[in-house]
Amino acid sequence: MPGSGATLVSFQLLDVSYEMRGSTSVIILWGRGADGSRIVIFYSEFRPYFYVLPDGSVGLDQLTAMIRRLSKPSSPIISVERVRRRFIGREVEALKVTTMVPASVREYREAVRRLGGVGDVLEADIPFALRFIIDFNLYPMRWYVAEARETAVPHGYSVDKAYVLSGSIREDESRVQEDPLKGLRVLAFDIEVYSKMRTPDPKKDPVIMIGLQQAGGEVEILEAEDRSDRRVITGFVERVREADPDIIVGYNQNRFDWPYLVERARVLGVKLTVGRRNVEPQPGLYGHYSVSGRLNVDLLDFAEELHEVKVKTLEEVADYLGVVKTEERVTLEWWQIGEYWDDPSKREILRRYLRDDVRSTMGLAEKFLPFGAQLSQVSGLPLDQVMAASVGFRLEWRLIREAAKLGELVPNRVERGEGRYAGAIVLRPKPGVHENIAVLDFASMYPNIMVKYNVGPDTLVRPGEEYSEDEVYIAPEVGHKFRKTPPGFFKKILERFLSWRRQIRGEMKKYTPDSPEYKLLDERQKAIKLLANASYGYMGWPHARWYCRECAEAVTAWGRSIIRTAIRKAGELGLEVIYGDTDSLFVKNDPEKVDRLVRFVEEELGFDIKVDKVYKRVFFTEAKKRYVGLTVDGKIDVVGFEAVRGDWSELAKETQFKVAEIVLKTGSVDEAVEYVRGIIEKLRRGQVDLRKLVIWKTLTRPPSMYEARQPHVTAALLMERAGIKVEPGAKIGYVVTKGSGPLYTRAKPYFMASKDEVDVEYYVDKQVVPAALRILQYFGVTEKRLKGGGRQSTLLDFMKRGK
DNA sequence: ACTAGGCGGGG
DNA sequence: GTGTACGCCTAGT
């Protein structure tokens with residue numbers, strides 16, 4: 001029962017931070033109340049602590065006394081307790097040292113390490129706010145009921161209500177199936193900066209426009225007056241505070257918009273207080289900006305995981321996801337922005353461009369946030385951190401929580417020289433075009449191996465340790481041994497993940513795929529799958545706290561053995577295997593034989609395998625991990641081809657994709673050849689837009705400092721001579737012009753070149769033809785044929801010849 | 001061939 | 001804030 005004056009507060013946990021009040025740390029839980037209010041809950045009883053693992057050379061009483069003697073008045077050591085814990089599977093007796101000021105833990109850690117009798121200092125590097133939600137078993141984005149007393153909202157907090165935690169916090173089970181984003185306010189923003197042909201400098205280049213959009217609303221645009229942007233910045237702060245979003249989204253705002261705005265505000269003497277606390281956005285060590293009381297989410301972090309999209313511009317990503325199609329939006333290059341601002345007749349286009357960027361950003365948020373929210377609920381990291389974190393950290397924070405629950409101490413992060421080990425099997429593909437191919441995928445192969453063979457750092461039999469043959473699993477090839485019992489740290493966690501995911505997938509069957517319930521559960525099972533699948537790679541990651549090279553080695557060895565067995569079986573069944581990679585097999589789509597193979601893998605090997613997709617046609621080169629496929633539903637998959645890269649001209653990239661599409665969809669090599677010839681002809685007739693010929697490269701140093709002569713450096717030097725400042729980091733766009741000398745003498749900044757100067761033959765020989773030949777050479781097409789005459793052939797001819 | 005170092009996204 | 005990415009490409013040897 002709540003104590004005097006205490007009430008039960010139902011809230012959704014959004015974020016956690018802490019502040020010092022004198023020498024006392026106060027935990028701040030940022031949340032959303034069930035009544036729609038934005039709240040904070042304060043808790044000032046939580047204290048920072050860490051563990052000391054004795055090495056046995058000094059008695060525990062003596063060690064305790066030695067640690068106590070280190071206590072400093074600025075942050076006294078308030079207790080040193082003896083505790084029983086486990087560490088990598090062993091029972092240990094440790095000392096738990098508690099102090100007052102979180103920031104003092106670092107100093108105590110170093111001081112304690114220097115004491116005799118100390119084996120190691122553990123858990124002295126867990127951020128204090130995270131430590132709190134770990135120990136109280138709170139997960140961001142989930143709903144809780146807390147016993148708390150309401151208190152006046154302190155000065156400097158922009159929230160509706162404030163509470164002081166006076167009792168326990170428990171999860172509100174009735175809201176587990178609720179959409180965590182429902183009712184949360186999302187704000188998308190983007191800025192445009194005045195710049196002409198050089199990297200903008202916040203010291204002088206104004207922010208000319210800022211676009212904002214609330215979910216479901218229209219894009220609102222704030223504009224500078226000529227070059228004066230003070231009102232834009234103050235207006236932005238006002239608008240954010242009015243909108244009072246819980247989540248702020250942008251695209252690459254952590255590396256551009258926030259640092260630019262913060263610096264610009266400083267230059268103008270304006271305070272950028274956009275958070276729920278009277279502070280400016282704070283930069284973290286690796287570029288994440290934290291906006292107090294709000295979740296600042298950079299959608300580029302999500303885009304990084306779209307491996308299918310090679311160039312991750314907002315435009316490309318939005319187009320790929322069908323959020324805002326490229327052909328339905330205004331596209332401008334960054335170097336045009338100054339010009340479109342200066343020319344009043346073009347300013348409306350600039351507005352539309354910004355509006356399209358903001359719309360794209362909001363669209364991406366709608367696509368990505370549901371998954372992010374689930375990942376937050378599952379991993380235990382606040383939404384803004386979970387997306388910025390690499391997959392290893394996401395899993396690791398969940399592992400730390402599991403360790404806390406199991407009484408396991410968390411190993412330290414240690415510097416390790418990376419050791420390479422044998423990876424998965426990748427078969428050499430059979431080059432050429434294959435028709436009707438089924439792709440078989442093992443479901444969560446590696447996690448299942450880890451569970452089946454109890455793989456983990458705590459079950460590994462290390463050199464010199466006793467074991468008997470029938471008590472261990474022995475990995476093929478590498479011979480690493482793992483104890484069959486008791487179940488290890490990873491096995492316990494993975495079993496829970498796998499059964500949790502099974503249960504969710506069962507529940508999903510109750511709903512139709514387009515229902516909100518189904519989508520929520522689907523995002524949740526994907527989040528769990530992500531963490532489960534990360535566990536193998538995690539053990540082989542040199543930064544991992546639970547690093548275990550032998551474990552990772554053993555997992556891939558088992559994986560290789562399983563896939564080899566499956567390939568052998570396919571051979572026995574007379575099923576042709578075209579290609580295989582790690583946990584997938586490309587086989588002829590002979591349903592009856594495929595079905596027998598699937599049953600063999602499930603029944604004899606004990607692993608799940610299923611037909612993931614069927615290609616109507618798929619084209620392999622002789623290279624591994626590189627193919628183009630046409631799925632039965634008409635989608636083109638381009639995997640591993642590198643012409644989708646930034647330093648090729650737009651024209652070359654376009655040509656390569658088109659060629660792949662034509663070859664697979666129509667089956668006509670001739671049509672593809674004709675297409676390429678058409679492009680070459682257009683190029684020679686001067687009908688290709690100069691913009692598609694620009695090759696971009698980044699300067700890594702001042703142009704005069706280069707020893708080697710390169711085209712983009714020549715272009716940069718020309719820009720300097722024209723009075724345009726170019727600094728390291730600037731992207732130089734150049735075109736190759738006619739002339740006789742070596743290439744680097746013929747490069748010119750694209751805006752200084754005219755179409756008729758362009759060395760068309762360079763683009764034919766070094767851009768269009770090589771990009772097209774990457775694919776077409778496998779059909780016997782030669783450079784000569786693309787550029788001149790040649791005989792007609794069809795895909796059918798090629799396939800006959802190939803046999 | 002190999003390693004060291006820098007970039008991505010943004011404007 | 002008890003603290004931080006990563007995989008690919010280029011330049012240079």
Side-chain angles (χ1 to χ4, degrees), chain A residues 17-20 25 47-51 75 97 99 101-110 121-132 190-202 205-209 250-260 282-288 290 298-301 303-305 307 309-317 332-338 340-341 350 353-354 357 361 381 385 387-394 396-397 410 412-413 541-543 642 645-647 697-701 706-708 710 712-713 728-731:
Chain A
S17 59
Y18 86 94
E19 282 173 18
M20 295 306 296
S25 51
R47 300 283 165 263
Y49 66 87
F50 58 91
Y51 294 98
S75 176
V97 180
T99 181
V101 180
S104 73
V105 167
R106 232 169 34 206
E107 294 155 46
Y108 282 130
R109 175 178 70 200
E110 300 314 315
V121 178
L122 299 171
E123 305 197 19
D125 56 356
I126 315 277
F128 187 58
L130 277 178
R131 177 87 263 179
F132 176 82
D190 185 29
I191 71 173
E192 300 302 332
V193 169
Y194 186 85
S195 74
K196 264 189 164 173
M197 301 186 292
R198 63 181 172 76
T199 304
D201 175 1
D205 299 319
V207 175
I208 47 182
M209 287 184 185
Y251 198 79
N252 198 32
Q253 82 267 37
N254 282 335
R255 272 176 290 187
F256 184 74
D257 303 54
W258 286 128
Y260 203 96
Q282 301 286 324
L285 217 62
Y286 271 80
H288 175 81
S290 55
D298 189 338
L299 296 166
L300 174 59
D301 292 330
E304 304 280 16
E305 276 156 49
H307 301 291
V309 188
K310 294 290 178 290
V311 181
K312 289 162 175 64
T313 56
L314 176 56
E315 184 191 314
E316 298 255 7
V317 173
L332 284 181
E333 298 296 335
W334 62 266
W335 41 270
Q336 296 175 296
I337 286 172
Y340 277 67
W341 174 255
L350 187 58
Y353 167 74
L354 172 60
D357 271 358
T361 305
L381 282 172
Q385 289 178 49
M387 287 327 298
S390 70
V391 55
F393 283 109
R394 292 174 189 166
E396 190 162 80
W397 283 111
V410 177
N412 285 321
R413 199 177 287 289
W541 177 44
H543 282 295
E642 77 283 59
R645 265 174 28 185
D647 53 355
K697 254 195 177 173
T698 309
L699 273 189
T700 55
R701 57 182 80 167
Y706 278 85
E707 304 251 339
Q710 298 171 70
H712 73 295
V713 178
K731 262 191 211 144

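The chains referred to below are lettered A, B, ... by the order of the sequence lines, with proteins before strands, and numbering in each begins at 1. Note that the coordinates shown come from a computational prediction; the quantities given were computed from them, not determined experimentally. We use all heavy atoms of the structure for the numbers below, so side chains are in, but hydrogens, waters and symmetry mates are not.
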Distance between C1' atoms of B/dG9 and C/dC6 (Å, rounded): 14 Å

Distance test, side-chain N/O of A/Trp541 to OP1/OP2 of C/dC6, below 4.0 Å: yes

Closest listed nucleotide, where the reference is the side chain of A/Phe256 and the choices are C/dG3, B/dG9, B/dG11: B/dG11

Inter-residue atom distance A/Arg131.CZ - A/Tyr49.OH, 0.5 Å rounding: 3.0 Å

Protein-nucleotide distance (A/Asp298, atom CG; C/dA5, atom P), rounded to Å: 17 Å

Touch class at under 4.0 angstrom, heavy-atom based, for A/Glu333 against every strand present: nothing

Interatomic distance at C1', B/dG8 relative to C/dG3, whole Å: 23 Å

Nucleotide nearest A/Pro127 (side chain, heavy atoms from C-beta), chosen from C/dT2, B/dG10, B/dG11: C/dT2

Nucleotide C/dC8, atom C1' - distance to NZ of A/Lys312 in whole Å: 11 Å

Touch class at under 4.0 angstrom, heavy-atom based, for A/Ile126 against every strand present: base

Closest listed nucleotide, where the reference is the side chain of A/His543 and the choices are B/dG11, C/dT2, C/dC6: C/dC6

Sugar-phosphate only, base, or nothing, as touched by A/Asp190 at under 4.0 Å among non-hydrogen atoms: sugar-phosphate

Integer-rounded Å distance: C/dT2 C1' and A/Tyr108 OH: 13 Å

Atom-pair distance (CD on A/Glu107; C1' on C/dG3), nearest Å: 16 Å

Over 12 non-hydrogen atoms of neighbours within 6.0 angstrom of CZ in A/Arg413: yes

Any A/Arg255 side-chain nitrogen or oxygen under 4.0 Å from OP1 or OP2 of B/dC7: no

Partner of A/Met209 by side chain to side chain contact (heavy atoms under 4.5 Å, CB included), out of A/Asp190, A/Leu350, A/Ile191: A/Leu350

Sugar-phosphate only, base, or nothing, as touched by A/Ile191 at under 4.0 Å among non-hydrogen atoms: sugar-phosphate

With A/Val410 via side chain to side chain contact (heavy atoms under 4.5 Å, CB included) - residues at least two apart: A/Glu123, A/Ile400, A/Ala403, A/Arg545, A/Trp546

Residues forming a side chain to side chain donor-acceptor pair (under 3.5 Å) with A/Tyr108, sequence neighbours excluded: none

Sugar-phosphate, base or nothing in reach of A/Tyr18, heavy atoms under 4.0 Å: sugar-phosphate

Touch class at under 4.0 angstrom, heavy-atom based, for A/Asp301 against every strand present: nothing

Phosphate OP1/OP2 of C/dC6 contacted by A/Ser390 side-chain N/O (<4.0 Å): yes

Integer-rounded Å distance: C/dC6 C1' and A/Asn254 CG: 16 Å

Length of the line joining A/Glu316:CD and B/dG10:P, which is rounded to integer Å: 9 Å

Sugar-phosphate, base or nothing in reach of A/Phe132, heavy atoms under 4.0 Å: nothing

A/Asp357 CG - B/dG10 C1' separation (whole Å): 10 Å

Sugar-phosphate only, base, or nothing, as touched by A/Val193 at under 4.0 Å among non-hydrogen atoms: sugar-phosphate

Contact under 4.0 Å: A/Arg413 side-chain N or O vs C/dT2 OP1/OP2: no

Non-hydrogen atoms of A/Pro200 and A/Asp205 that approach each other most closely: CA-OD2, 3.2 Å

Euclidean distance, atom CD of residue A/Gln385 to atom C1' of C/dT2 [Å, nearest integer]: 14 Å

Pairwise P distance for B/dG11 and C/dT4, with rounding to whole Å: 31 Å

Options C/dT4, B/dG11, B/dG10, nucleotide nearest the side-chain atoms of A/Phe393: C/dT4

